[in-house]
Amino acid sequence: MTFLPGLLDTEAIRKDFPLLDRVVHDGKKIVYLDSAATSQKPRQVLDALNEYYEQHNANVHRGVYLVAEEATALYEGARDKVATFINAPSRDEVIFTKNASESLNLVANMLGWADEPYRVDSDTEIVITEMEHHSNIVPWQLLAQRTGAKLKWFGLTDDGRLDLSNIDEIINEKTKIVSFTLVSNLLGTHNPVEAIVRRAQQVGALVCIDASQAAPHMPLDVQALQADFVAFTGHKMCGPTGIGVLWGRQELLEDLPPFLGGGEMIETVSMHSSTYAPAPHKFEAGTPPIAQAVGLGAAVDYLSAIGMDKIAAHEHAITEYAVKRLLEVPDLRIIGPTTAEDRGAAISFVLGDIHPHDVGQVLDEEGIAVRVGHHCARPVCLRYGIPATTRASFYLYSTPAEVDALVDGLEHVRNFFG
Amino acid sequence: MTFLPGLLDTEAIRKDFPLLDRVVHDGKKIVYLDSAATSQKPRQVLDALNEYYEQHNANVHRGVYLVAEEATALYEGARDKVATFINAPSRDEVIFTKNASESLNLVANMLGWADEPYRVDSDTEIVITEMEHHSNIVPWQLLAQRTGAKLKWFGLTDDGRLDLSNIDEIINEKTKIVSFTLVSNLLGTHNPVEAIVRRAQQVGALVCIDASQAAPHMPLDVQALQADFVAFTGHKMCGPTGIGVLWGRQELLEDLPPFLGGGEMIETVSMHSSTYAPAPHKFEAGTPPIAQAVGLGAAVDYLSAIGMDKIAAHEHAITEYAVKRLLEVPDLRIIGPTTAEDRGAAISFVLGDIHPHDVGQVLDEEGIAVRVGHHCARPVCLRYGIPATTRASFYLYSTPAEVDALVDGLEHVRNFFG
Amino acid sequence: MYQDVILDHYKHPHGRGLRDGDAEVHHVNPTCGDEITLRVKYDGSRIEDVSYEGQGCSISQASASVLNDLLVGKELEEARQIQETFLTLMQSKGQLEPDDAMEEVLEDAVAFAGVSKYPARVKCALLSWMAWKDATAQALGELAERKTA
Amino acid sequence: MYQDVILDHYKHPHGRGLRDGDAEVHHVNPTCGDEITLRVKYDGSRIEDVSYEGQGCSISQASASVLNDLLVGKELEEARQIQETFLTLMQSKGQLEPDDAMEEVLEDAVAFAGVSKYPARVKCALLSWMAWKDATAQALGELAERKTA
Ligand SMILES: Cc1ncc(COP(=O)(O)O)c(C=O)c1O
Ligand SMILES: Cc1ncc(COP(=O)(O)O)c(C=O)c1O
């Protein structure tokens, strides 16, 4: 077994994840290398879901009976846990959504309907980057179409980093919002927040950070980031599907208009008009994802008990090893940074002219689960002139042996199509 | 034990619902009479969730590896099940949302951004009713505010029915959309669909039906309803929290613009513009509630195996019995229809001048869980000049003995505050 | 939670009814529809009267009655301390056992200790107290304005 | 799924390259980025040529090569039947064991039976066939127009 400094006790950790015992194709144990798409779930999270449904299931916020009080306490308790996890100044800044995509759409729509000074309209500009996930592109394209605002973006350097050389031109007095990803899901690049935030603050633009690929993998401190909004998604961080988070600065959440209307988000309703509850409830219309919030709370507990800094160190060690081993594979080209510095644990590559679909399919037959395609970041593929990539991504349960299995699998792919 | 014709074998059914064994306040078994807020979940649904997370968890739609194919098949299989459950002409008409509130907001926003002939703007009118849940009021108020359209509504008769006497005036040539609830969550009223649909069709208005309180309780046939959109929510029909459904007619879903932007809902993305996938994916941005859809599929299987007609008959019998018994309680006034005809299994009432909060609290101490307040339908309370109601609501697992427990509890409440 | 003291105040509220005042506020508990209209009358910094009218559950009604008992006749400073002590008690989630000192300050209001275990009802118990705080701010603002005018 | 026949067609595609045609279409598989540009040339109702260029996985490339083999020289009616038979096979979710009759119609294309078990790859296999259908509709529409003009 390969020993790398900084590794977690994966033998113990893997026991918590039932799916990692899954056997596929004639008795091969799964090698799950697709955590950037969605993570596996520890037993602790599934237990929390079951306990919620079996013992405490009720609708939240309005019940005076015991089980309803318990459900409310569990749901709001999950908000407390998430607030602590991201070091939010106030629990009321944590909004539960259905996924990161909804969180990002929520920001875009709030700004479209806002009053000055936040309002995005035809005299203003929106800034994103060329490495965004579609979920941080399309909401802004829609906003630009609907308001007449101009959409601008930072391009990419050849080695997969943001090209900030023209930052003063891209972010200017007209810019209302700058939205970018902390870690790219395709390239793995970890972006320099400070430079962008500083420039945005100079011109009075708001900053929204897509932390979908960061929250699961490293300590996340929304105060240190100095952003105005931070979005992420539960299912990539050991939590259930069906839940996302938007953190926003309190003053903004007070000033900005609601997005979805309905039960839970109101203060008082008459047929003629309604007033809205204070944040976070203002932005949570309808019965919230109660069980999913509880599950996310359990995920946050699970990750925190291990320690986000330890998880980051583990992934760094695995990534360093994986980059090194992958570069040994003939004809393999990494799309994105080719070192483990300032990068996350998702590594995209192309293998000669073998199409990623074929790479993925043959790996699957070996029990190795990787993702192939444009990973919801097609502009990156266009930028590098490739139709798609194969992506292996790692998490706290990933092992050097799995990296080795991937490298062996890729040899097999080369022979197969050679 | 009270015998009523049409009852289900609740002894067997209750074994499927772990929460119904819950003991509260010094050993009292819970009497759960709040299914209109959210239903309890059968073991079969929890098993489906666990099996999904333990064996098949992966992100959907883009994976070429086995588990990803399984996850996709399970998620899309759930869509098939829901389509069959509501007799949809096509599975592609079933959109998964996070709850009924999102479904209703989705319709409102599609119409706000639509081209002619669907576009809601300042020359047009929106029609709802005074008995709507806030989730079918606030989205339309927001749409009216944002577009300048006029919001109109049907009032209520003294006995809790829609007042359709002025239907030809309320729904007129300017009306673009009529949105109303099939069954009221506060009054229990089951509304006459045909008259409203016929008039809407005469003037070329679209019809949206909020079936949140209908889908769990009776056979739902979207073709028979002849509506254009039907919304409902998973957690009230034995499914998980975090999932809702919008059914829409295929031509409409093709013509109408998307709402949330992001991964999954696109066909192709460049930085300059994007094109959208066909429905239902066009309306499902981001990682969908995968496990929750699977759970809803299991719920639909569970309900169908028992039979929606049998469930409706059971609830009718319970409701008839409950109405009769409740009317025996001195000073009790039912808000809503006082017979079991054309009504659902949610019964709201006031008890003399004892405030519903106090009624609910004292009942809770007896282990009886009812909901108190305005039930997210405050205009109904205003209409009947009451601050709030106590609501008992029944489902397939409710028994006559639970009705008796409620009536005994109410006697106790009267003595306590007498 | 339904101590006899609370039920007594509910059935026989003290000081109920709207009388002359320096400021009037209307507060609503959005979750349950409890409402209160409350007026305060100051004589300098002394509370001359707190009058109110409203509809709501026993907890919110009794709490208004207890407030009237406790605050009328007090100096503003002392009233503020009482209000804060009550707030502390209500936010204690049933973890706080009122001691003698607290009982001295809160008198009948210590009976609400049990309510603090029920988050949904805490808002009912606080409704009149929040209204009083708001009305006081308005009244004293007005008085201050009148003085400087 | 990777039958030798498929790999052979992938490595040595038949009829690849763009030649003269009556209509050209460009189809994309949005999930994976596979692309094809395809031209058809008709001689009356006889398919004179199907030429194509594209990038994509072995399945989509091999399927275009097989299409060229099967359709060039055929009468439109027969080509349609072949296309429909292939569609049936691909939508069979691995449940259909091609019989002799089907093998007669599909020749090398029966090798794709295994692909039908993989929903994500079915779209790859069908890409060129959908493009052909579309191009044919355009070409014949144009021809029809030319005739009536
Ligand atoms: C009639 C009606 N419509 C809409 C809703 C909203 O459903 P959800 O809260 O799941 O969005 C409810 C339930 O709360 C309801 O009873
Ligand atoms: C960087 C990034 N942003 C946003 C998303 C969208 O997350 P979700 O699909 O949960 O909405 C993803 C993952 O798919 C992502 O990797």
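Any value given below was found using the heavy atoms of this structure, including those in side chains, with hydrogens, waters and symmetry copies removed. Letters go in sequence order (proteins before strands), and every chain restarts at 1.
Only the backbone of A:Thr129 comes within contact range of chain B, with at least one heavy atom under 4.5 Å from a heavy atom of that chain. Residue contact with chain A, scored on non-hydrogen atoms closer than 4.5 Å, involves the backbone and the side chain of B:Leu260 alike. Interface remark: A:Leu382 contributes side-chain atoms only to the contact with chain B (heavy atom separation under 4.5 Å). Neither the backbone nor the side chain of A:Trp140 has a heavy atom closer than 4.5 Å to any heavy atom of chain B. Of the atoms belonging to A:Gln141, it is side-chain heavy atoms, and not backbone ones, that fall under 4.5 Å from chain B. The contact between A:Leu49 and chain B is made entirely by side chain atoms (from C-beta outward), counting heavy-atom distances below 4.5 Å. For A:Leu20, no part sits under 4.5 Å from any heavy atom of chain B, backbone or side chain. For B:Ile30, the part lying under 4.5 angstrom from a heavy atom of chain A is the side chain only. Contact annotation for A:Ile137: only side-chain heavy atoms (C-beta onward) come within less than 4.5 Å of a heavy atom of chain B. Of the two parts of A:Gln145, only the side chain, counted from C-beta on, holds a non-hydrogen atom closer than 4.5 Å to a non-hydrogen atom of chain B. Heavy atoms of A:Ile128 lying under 4.5 Å from chain B belong exclusively to its side chain. A:His375 does not touch chain B: none of its heavy atoms, backbone or side chain, sits under 4.5 Å away.
Contact count versus chain B (heavy atoms, under 4.5 Å) is highest, among A:Val372, A:Ile290, A:Leu106, for A:Ile290. Ranking B:Phe17, B:Tyr276, B:Tyr53 against chain A, the residue ahead of the rest is B:Tyr53, based on heavy-atom pairs under 4.5 Å. For the set A:Leu363, A:Leu151, A:Val67, the count of heavy-atom pairs under 4.5 angstrom toward chain B peaks at A:Val67. Put simply, of A:His272, A:Arg378, A:His134, A:Met271, the one with the most heavy-atom pairs under 4.5 Å next to chain B is A:Met271. With chain A as partner, the option from B:Asn57, B:Asn99, B:Val24 having the largest number of non-hydrogen pairs under 4.5 angstrom is B:Asn57. For the set A:Ser35, A:Gly373, A:Pro240, the count of heavy-atom pairs under 4.5 angstrom toward chain B peaks at A:Pro240. Contact count against chain B (heavy-atom pairs under 4.5 Å) is highest for A:Gly261 among A:Ala100, A:Pro257, A:Gly261. Listed options B:Ala291, B:Pro379, B:Cys376, B:Gly244 were ranked by heavy-atom pairs under 4.5 angstrom with chain A; first place goes to B:Pro379. Interface check for chain A: of the options B:Thr233, B:Val370, B:Ile243, the most heavy-atom pairs under 4.5 Å are formed by B:Val370. Counting heavy-atom pairs closer than 4.5 Å to chain A, the top residue among B:Ser273, B:Pro288, B:Ala108, B:Gly360 is B:Ser273. Chain B forms more heavy-atom pairs under 4.5 Å with one residue of A:Pro289, A:Gly242, A:Cys381, A:Ala369 than with any other, namely A:Ala369. For the options B:Glu102, B:His133, B:Lys236, heavy-atom pairs under 4.5 Å to chain A are most numerous at B:Glu102.
Between A:Asp16 and A:Arg43 there is no salt bridge, since no side-chain N of the basic residue sits under 4.0 Å from a carboxylate O of the acidic one. Salt bridge annotation for B:Glu70-A:Arg22: present, with a cationic side-chain nitrogen under 4.0 angstrom from a carboxylate oxygen. Using a 4.0 Å cut-off between a side-chain N of Lys or Arg and a carboxylate O of Asp or Glu, B:Lys98 and A:Glu284 do not qualify as a salt bridge.
Aromatic ring pairs are classed by plane angle as parallel below 30°, tilted from 30° to 60° and perpendicular above 60°; the pair B:His61 and B:Tyr75 is perpendicular.
In terms of heavy-atom proximity, B:Ser135 sits nearest to B:Leu104 at O-CD1, 3.4 Å. Across every non-hydrogen atom of A:Ser101 and B:Gly286, the tightest pair is OG-CA, 3.1 Å. In terms of heavy-atom proximity, B:Val64 sits nearest to A:Asp364 at O-OD2, 3.9 Å. The shortest heavy-atom contact between B:Leu33 and B:Ile368 is CD1-CG2, 4.0 Å. Pairing each heavy atom of A:Arg371 with each of B:Val60, the nearest pair is NH1-O, 4.1 Å.
A heavy-atom distance below 4.5 Å is not found between the side chains of A:Asn50 and A:Tyr52.
Here the CG atom belonging to A:Leu142 is positioned 8.5 Å from the CG atom belonging to A:Asn109, to the nearest 0.5 angstrom.
Tested against A:Asn136 for a side-chain contact (heavy atoms from CB on, under 4.5 Å), the candidates A:Asp210, A:Asn105, A:Val107 yield a single pass: A:Asp210.
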Using the side-chain hydrogen bond (donor to acceptor under 3.5 Å, both in side chains) rule, take B:Thr287 and A:His235 through it: C-alpha gap first, then chi angles, then the decisive distance, then the call.
-> CA-CA 9 Å; B:Thr287 302; A:His235 66 91; 3.1 Å; yes
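A donor-acceptor contact under 3.5 angstrom links the side chains of B:Thr241 and A:Gln292, judged on distance only.
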